[in-house]
Structure formats: structure tokens, C-alpha cells
Amino acid sequence: AVDQQTQVFNLSNGETITFTADPSVNSVSTRPGGINGLELIQVNQNTAAALEQTFTLSTPAEKAQVTIYDVDTNEFLQFAVRQNGQTRFLSPSEIALGSNVSGPDGNGEYFGTVITNDFAVNDVTQQITLNIDEPFDELVVFTRENSADDRNFGLTFDVLAFETDTDND
């Protein structure tokens, strides 16, 4: 596993996705081909303060699907996109929750309702799937947790659902 704050992923079409973790996280690691051939980014943190994890696209996306894995009890997430510097928080209609994830709460955060002792990538009940249908050039995931133990957030992106407008329509 690679342990660094910034990761650059080169896509087959020449585009790139740059992931930048908040400097306060404990560690960032990648698992190439981690889930069904998709890149997986794992962020480890143990802070109750919300930390900003950012995916920056070299070319704005028209649509994208992003899955967050292994959302446990005491882990809280909030989601936004940016286009030309303007931030828009995702609406609940753009966010699909596994049966062991709840939200949004009064703070607009989504959170796990059970805990597993491993990085449960195949447990769909602990997943959050973002279905973004408006153009954006950055995806921002705010992560926090209020447990005394370190927690891992698995952030992965499905490049098959990453669409860009090539003919300006």
C-alpha cells in the first residue's frame, strides 16, 4: 500500500483524477484494482472534526457514480461537488444508502449504524453510493468519526460511470 496525502490516477482516456486527503488524516493508502478492478482509496482518521477529502478531475464530469465502503457506527460523511469554484452539497435524492447507513441527520451527515472489524468492501449494507448527474470538476467528501479507535473510510470511484462532454452538447 502507498501512504501519501495526494494520489494521481491516470485514466485510459488520458484524463486524470487527483485525490487529496486532508493533512490531518492518519494515513492514506491505495489498493490498485481493489474492488472489481476499481481503484480504492482508504483513509484512516480518528478525529471528530470534519476533514475534507477531495477528488479533482482534469476535465469536468457530466455524470459520475462514487461508492463509499464500510461506513461504520461513529463514522459521519457529507458530500459536495464543485464546479468552477462553486460548491453544491448533494441532495438526498443523489445518495443511495445501504440498509446499515442512515441520514441525513440534522447536520446533513450520513452515518453507519453497525460496526465491522474488517474493511468490509463486499457488504452492500454499509455502502453509500453517490449518483451525480450535474457537471462538476471536484468531488468533496467530508469525513469525521467520534470513536476512540482509528477508523477507515473506503472511497472508490467507478470510472465506467465517469462521463465528460466531448462535443459541447
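The first residue in the sequence is number 1, and the count goes up from there. These values consider heavy atoms only, across backbone and side chains, with no hydrogens, waters or symmetry-generated copies.
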Test of understanding: with side chain to side chain donor-acceptor pair (under 3.5 Å), list the residues that count as partners of [X], not counting sequence neighbours.
| X | result |
| --- | --- |
| T129 | none |
| D137 | none |
| S93 | S91 |

Say you draw a straight line from [atom1] of [X] to [atom2] of [Y]; how long is it, rounded to the nearest 0.5 Å?
| X | Y | atom1 | atom2 | answer |
| --- | --- | --- | --- | --- |
| F111 | L97 | CZ | CG | 9.5 Å |
| E145 | N74 | CD | CG | 7.0 Å |
| T20 | E52 | OG1 | CD | 9.5 Å |
| T143 | F76 | OG1 | CZ | 12.0 Å |
| E75 | I115 | CD | CD1 | 7.0 Å |
| T125 | D70 | OG1 | CG | 9.5 Å |

For this session: Treating Ile, Leu, Val, Met, Phe, Trp and Tyr as nodes and any side-chain heavy-atom pair under 4.5 angstrom as an edge, say whether V114 and V71 lie in one connected cluster.
Result: no
For this session: Please list all pairs passing the salt bridge (charged side-chain N to carboxylate O under 4.0 Å, His left out) test where one or both residues lie in residues 125-134, with sequence neighbours left out.
Result: R88-E134
Exercise. Q86 side chain to Q83 main-chain N or O, any donor-acceptor pair under 3.5 Å?
Worked result: no
Problem set entry | side-chain hydrogen bond (donor to acceptor under 3.5 Å, both in side chains): pairs with one or both residues in residues 101-113, sequence neighbours excluded |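 Only E109-R144 qualify under side-chain hydrogen bond (donor to acceptor under 3.5 Å, both in side chains).
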Exercise. So among T16, I17, T18, which one has a side chain to side chain contact (heavy atoms under 4.5 Å, CB included) with L57?
Worked result: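 Of all the options given, the one that passes is I17.
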Exercise. Which ILVMFWY residues can you reach from V140 by hopping between side chains whose heavy atoms are under 4.5 Å apart?
Worked result: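 So far as hydrophobic clustering goes, V140 is joined with F89, F142.
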Problem set entry | Donor + acceptor pair across side chains of S58, E15 (<3.5 Å) | yes
Exercise. Between Q65 and N131, do the side chains contain an N or O donor and an N or O acceptor separated by less than 3.5 Å?
Worked result: yes
Problem set entry | Heavy-atom closest contact (L139 atom, I132 atom, distance) |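 Heavy atoms of L139 and I132 come nearest at CD1-CD1, 4.0 Å.
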Problem set entry | Closest non-hydrogen atom pair between Q126 and D72, with its separation |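 In this case the closest contact between Q126 and D72 is NE2-OD1, 2.6 Å.
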Taking the side chain as every heavy atom from C-beta outward, state whether [X] and [Y] have any atom pair closer than 4.5 Å.
| X | Y | answer |
| --- | --- | --- |
| I95 | I128 | yes |
| Q53 | D22 | yes |
| L130 | I68 | yes |

